[in-house]
Amino acid sequence: MIKKVLTWLGIAFLIFFIAFNPNSAASVFESLGGTIADIARGFGTFFTNLVA
């Protein structure tokens, strides 16, 4: 039950953050996207070097 409530509160906060601070929200998501891309690139390099 508490997990469901926390999930809904997190979603509500996310919507609030995007609605009232769109520029900051865009910067945060751009940064997260770049970080995820860097991690994926690192895994790709690791497996390429592992196989080669």
Side-chain angles (χ1 to χ4, degrees):
M1 181 67 175
I2 191 77
K3 185 177 179 181
K4 191 173 188 178
V5 170
L6 289 176
T7 300
W8 281 109
L9 284 174
I11 291 170
F13 175 75
L14 184 64
I15 291 170
F16 177 81
F17 181 63
I18 291 170
F20 288 101
N21 233 349
N23 291 332
S24 294
S27 295
V28 168
F29 284 107
E30 183 179 351
S31 176
L32 285 173
T35 301
I36 292 170
D38 288 341
I39 291 170
R41 199 172 303 115
F43 274 110
T45 303
F46 170 75
F47 285 114
T48 299
N49 290 337
L50 188 65
V51 173

* Asked: Roughly how far apart are L6 CG and M1 CE, rounded to 0.5 Å?
  -> 11.0 Å
* Asked: What distance do I18 atom CD1 and S24 atom OG have between them, rounded to the nearest 0.5 Å?
  -> 11.5 Å
* Asked: Taking side chain as C-beta onward, heavy atoms only, is W8 less than 4.5 Å from I11?
  -> yes
Check residues 37-52 and write down every donor-acceptor pair under 3.5 Å in which the side-chain atom is one partner and the other belongs to a residue at least two apart or another chain.
| unit_1 | atom_1 | unit_2 | atom_2 | d |
| --- | --- | --- | --- | --- |
| D38 | OD1 | R41 | NH1 | 2.7 |
| T45 | OG1 | R41 | O | 3.0 |
| T48 | OG1 | G44 | O | 2.7 |
| N49 | ND2 | T45 | O | 3.4 |

* OG1/T7 to CD1/I2 distance, rounded to the nearest 0.5 angstrom? -> 10.0 Å
* Specify whether F13 and F17 have parallel, tilted or perpendicular ring planes, treating 30° as the upper limit for parallel and 60° as the lower limit for perpendicular. => parallel
